[in-house]
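These numbers were taken from a predicted model, which means no experiment stands behind them.
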Amino acid sequence: MSASKTYYVYIMTNQSRTLYVGFTNNIQQRIMQHNEGLVEGFTSHYKIDTLIYFETFSDATSGIAKEKQIKRWRREKKVRLINQENPDWHDLSDGWYD
């Protein structure tokens, strides 16, 4: 019997409130990589460093489908989703690395 895995769809932002949607099976490691600028491209260029939303999935297929769905949304819909769960846009990863 194999241990069940958890998958995450997440949204991050920066000081300018640029949004980034991602998918991972290790959210703590992935957020640390973003914060340290280890993820080349969009997130390092725009200094995406604040986790403002995430949800969990027990299978990768569902998580990837949700990530693709959210990426297709207009910005306004993404902002509504964030505001429902995290209206003050607090960094949800605060305290993870203390």
Side-chain angles (χ1 to χ4, degrees):
M1 187 166 106
S2 66
S4 64
K5 243 181 165 352
T6 303
Y7 301 90
Y8 304 86
V9 172
Y10 62 95
I11 303 175
M12 294 187 71
T13 192
N14 60 9
Q15 277 192 315
S16 303
R17 290 206 167 179
T18 302
L19 298 179
Y20 173 81
V21 179
F23 173 82
T24 186
N25 66 356
N26 186 336
I27 195 161
Q28 288 187 329
Q29 178 182 357
R30 191 64 171 159
I31 300 310
M32 183 181 64
Q33 290 169 340
H34 284 299
N35 288 340
E36 293 181 2
L38 301 175
V39 181
E40 290 293 318
F42 185 89
T43 59
S44 61
H45 180 79
Y46 288 98
K47 295 181 177 37
I48 302 292
D49 62 0
T50 306
L51 177 64
I52 52 173
Y53 174 86
F54 69 92
E55 61 184 286
T56 60
F57 296 86
S58 57
D59 70 289
T61 304
S62 298
I64 291 168
K66 183 65 178 242
E67 177 200 23
K68 288 179 179 179
Q69 177 187 45
I70 292 173
K71 282 185 172 186
R72 285 192 303 267
W73 291 354
R74 295 178 60 93
R75 177 181 173 83
E76 295 78 19
K77 191 169 182 178
K78 293 174 192 171
V79 168
R80 273 197 308 274
L81 175 67
I82 296 159
N83 285 338
Q84 276 182 327
E85 302 295 322
N86 186 6
D88 296 323
W89 290 42
H90 289 300
D91 187 347
L92 302 175
S93 68
D94 260 358
W96 285 6
Y97 311 103
D98 294 343

Heavy-atom side-chain contact between Leu19 and Ile82 under 4.5 Å
yes

Given side chains that start at C-beta, do those of Tyr8 and Arg30 come closer than 4.5 Å, heavy atoms only?
no

Can you give me the closest heavy-atom contact between Ser44 and Gly37, atom names plus distance?
CB-O, 4.1 Å

List the residues meeting side chain to side chain donor-acceptor pair (under 3.5 Å) with [X], not counting sequence neighbours, and say none if there are none.
| X | result |
| --- | --- |
| Thr43 | His34 |
| Glu36 | none |
| Gln29 | Asn26 |
| Tyr20 | none |

How many angstroms lie between [atom1] in [X] and [atom2] in [Y], if you round to the nearest 0.5 Å?
| X | Y | atom1 | atom2 | answer |
| --- | --- | --- | --- | --- |
| Ile48 | Ile31 | CD1 | CD1 | 11.0 Å |
| Thr50 | Asp91 | OG1 | CG | 5.0 Å |
| Gln33 | Glu40 | CD | CD | 11.5 Å |
| Leu92 | Glu85 | CG | CD | 9.5 Å |
| Asp49 | Gln15 | CG | CD | 7.5 Å |
| Trp96 | Leu51 | CH2 | CG | 5.0 Å |

Would you give me the side-chain donor-acceptor pairs under 3.5 Å for residues 62-69, sequence neighbours excluded?
unit_1	atom_1	unit_2	atom_2	d
Ser62	OG	Asp59	OD1	2.9
Ser62	OG	Asp59	OD2	3.1
Glu67	OE2	Lys71	NZ	3.2

Asn25 meets the side chain to side chain contact (heavy atoms under 4.5 Å, CB included) criterion, sequence neighbours left out, with Lys5, Tyr7

With sequence neighbours excluded, residues passing side chain to side chain contact (heavy atoms under 4.5 Å, CB included) with Glu76
Arg74, Arg80

Just by distance, do the side chain of Asn14 and the backbone of Ser16 share a donor-acceptor pair under 3.5 Å?
yes

Can you pull out every ring-ring contact (aromatic ring centres under 6.0 Å, His included) where at least one residue sits in residues 43-80? Sequence neighbours excluded, please.
Phe42-Tyr46

Which hydrophobic side chains are connected to Leu38, either touching it within the sub-4.5 Å cutoff or through other members that do?
none

Same cluster (ILVMFWY, side-chain, under 4.5 Å), Leu81 and Ile27:
no

Check the hydrophobic clustering (I, L, V, M, F, W, Y; side-chain heavy atoms under 4.5 Å; chains of links allowed) and say if Ile11 and Met32 are grouped together.
no

